[in-house]
Amino acid sequence: MTGQFLRKMGAVSAAAMALAPALATAQEGAAGHPVPGQYHLQPSVTPIMDSIVAFHDGVLMWSISFIVILVLGLLVWIMVRYNAKRNPVPAAFTHNTMVEIIWTVLPIVALIIIAIPSFGVLSDQLTTPDGERKYLGSNIFSFGEVEVPAPELTIKAIGQQWYWDYEYVDQGVDLSQIMLNEEDRTSLKPNQPRLLAVDNELVVPVDTTVRMQITADPTGVIHAFAVPSFGIKIDAVPGRLNETWFNARETGIYYGQCSELCGKDHAFMPIAVRVVTKDEFAVFMKAFEEDGDYETANSTLAAVQ
Ligand SMILES: [Cu+2]
């Protein structure tokens, strides 16, 4: 009876897991921000996020589901078979060497299997491409097969209390990015998400590796720079320069939020990265460098609505 129950539970969970990616795909195609009813990760547009999605869907969900079902099965089995009514005279032994070896070794093996791709993805996130190193992409058990060009653009993000400043380091131009309040959002950018829409989007070119340097105001507090669709999350620490990178393959606006509890307006310092075509970016940057003014440069792009 127990065996059949376990088999049925297995079939149900296998069906649910087979369905989950299909449901997740149906939700994709949405912009780079959360949507109502969403439960899966935000759609990936970078090699790093491909790795994270593969790690979540391919390793973590399976191991978590297996462990939950196994433990649940054991609990049910014990409750049914070894309750006081069915088993009035309990066994008197206290040790079983084989069982103890198994329940020590199996979790170690599971952790090693999880650790291998986990460390691989971590090292991908923190190693800025040099054009030669290969990245895991969605095949997290490979030794790296995705080619990523060396960075062509360096951007420094500075966490302020409570908004973000950005510098295009080599171009010597900068901008501040401040969340729009509801009144401004509904009149200026009604199609952008509430609490995420900003006055000035950070503009970057598509299919280009961008080196992100992250820090915070030296007299300020710790923030964290995170953009889910890019698979980026890194601390912004006063007096320290952290580095990560992304290479977005689709144009659009990708939103993120400060991800370190930083103070009273922690929830109101969103991050908005606008990925445009390389031609659009060239025009944008030319205007920005000539004028030093974000407004002028931004007016070369289609208005964000
Ligand atoms: Cu913050």
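It should be emphasised that the depicted structure is a prediction, and the values quoted were computed from it without experimental measurement. Side-chain atoms are counted along with the backbone in the values below, which use heavy atoms only and exclude waters and symmetry mates.
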Rounded to the nearest 0.5 Å, what's the gap from [atom1] on [X] to [atom2] on [Y]? Could you check?
X	Y	atom1	atom2	result
Asp57	Ser138	CG	OG	11.0 Å
Glu250	Asp207	CD	CG	9.5 Å
Thr186	Glu182	OG1	CD	6.0 Å
Gln125	Leu136	CD	CG	10.5 Å
Ile140	Asp50	CD1	CG	11.0 Å
Phe288	Glu295	CZ	CD	10.0 Å

Donor-acceptor pair, [X] side chain versus [Y] backbone, under 3.5 Å?
X	Y	result
Gln160	Trp162	no
Asp235	Val237	no
Asn200	Ser176	yes
Asn181	Asp184	yes
Gln38	Val35	yes
Thr215	Leu241	no

Given side-chain hydrogen bond (donor to acceptor under 3.5 Å, both in side chains), test Gln213 with Thr154 step by step and report yes or no.
CA-CA 7 Å; Gln213 298 182 325; Thr154 301; 5.9 Å; no

Set out, in order, the CA-CA distance, both residues' side-chain angles and the distance that settles side-chain contact (heavy atoms from CB on, under 4.5 Å) for Leu301 and Arg274, then state yes or no.
CA-CA 10 Å; Leu301 301 170; Arg274 182 175 184 187; 3.7 Å; yes

Is the number of heavy atoms from other residues, nucleotides or ligands under 6.0 Å of [X] [atom1] greater than 12?
X	atom1	value
Met98	CE	no
Glu132	CD	no
Phe66	CZ	no

Measure centre to centre between the rings of His223 and His266, then say whether the value is under 6.0 Å.
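Centroid separation for His223 and His266: 6.0 Å or greater.
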
So, do Tyr135 and Trp245 have ring centers that fall under 6.0 Å from each other?
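That pair passes the under 6.0 Å test.
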
Any non-hydrogen side-chain atom of [X] less than 4.5 Å from a side-chain atom of [Y]?
X	Y	result
Ile48	Asp124	yes
Glu201	Val304	yes
Phe246	Met212	yes
Leu202	Ile271	no
Lys278	Thr208	yes
Tyr163	Phe268	no
Ile214	Glu243	no
Phe284	Tyr294	yes

Shared hydrophobic cluster for Phe225 and Leu126 (ILVMFWY, side-chain gaps under 4.5 Å)
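As far as the 4.5 Å side-chain criterion goes, Leu126 and Phe225 are connected within one cluster.
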
For residues Ile232 and Ile222: do they belong to one hydrophobic cluster (side chain heavy atoms under 4.5 Å, members Ile, Leu, Val, Met, Phe, Trp, Tyr)?
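No, Ile232 and Ile222 fall in different hydrophobic clusters.
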
Taking all non-hydrogen atoms of both residues into account, name the closest pair between [X] and [Y] and its distance.
X	Y	value
Pro193	Arg185	O-CD, 3.7 Å
Phe281	Val203	CE1-O, 3.3 Å
Gly256	Pro228	CA-CD, 3.9 Å
Ser44	Met49	OG-CB, 3.2 Å
Ser51	Val121	CB-CG2, 3.7 Å
Pro43	Ser229	O-OG, 3.0 Å

Less than 4.0 Å between a side-chain N and a carboxylate O, is that true for Arg133 and Glu147?
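Between Arg133 and Glu147 there is no salt bridge, as every charged N stays at least 4.0 Å from the carboxylate O atoms.
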
Salt-bridge criterion met for Asp291 and Lys286 (N-O under 4.0 Å):
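Salt bridge flag = no for Lys286 with Asp291.
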
Apply side-chain hydrogen bond (donor to acceptor under 3.5 Å, both in side chains) to Thr277 and Glu280, showing your working.
CA-CA 5 Å; Thr277 65; Glu280 285 170 336; 3.2 Å; yes

Any chance you could lay out the side-chain contact (heavy atoms from CB on, under 4.5 Å) test for Leu153 and Arg211, step after step, and finish with the verdict?
CA-CA 6 Å; Leu153 184 66; Arg211 174 192 282 119; over 6 Å; no

Residues clustering with Leu180 (ILVMFWY side chains joined when closer than 4.5 Å, directly or via others):
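Result for Leu180 is Leu188.
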
Using the ring of each side chain (for Trp, its six-membered ring), is His56 parallel, tilted or perpendicular to His40, with breaks at 30° and 60°?
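Geometry flag for His40 against His56: perpendicular rings.
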
Let's go through Glu167 and Ile155 carefully: what are the C-alpha distance in whole Å and the side-chain angles of both, what is the deciding distance for side-chain contact (heavy atoms from CB on, under 4.5 Å) to 0.1 Å, and is it a yes or a no?
CA-CA 6 Å; Glu167 292 172 17; Ile155 293 169; over 6 Å; no

Side-chain H-bond candidate by donor/acceptor type, Tyr255 with Gln42, under 3.5 Å:
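No, Gln42 and Tyr255 have no side-chain donor paired with an acceptor closer than 3.5 Å.
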
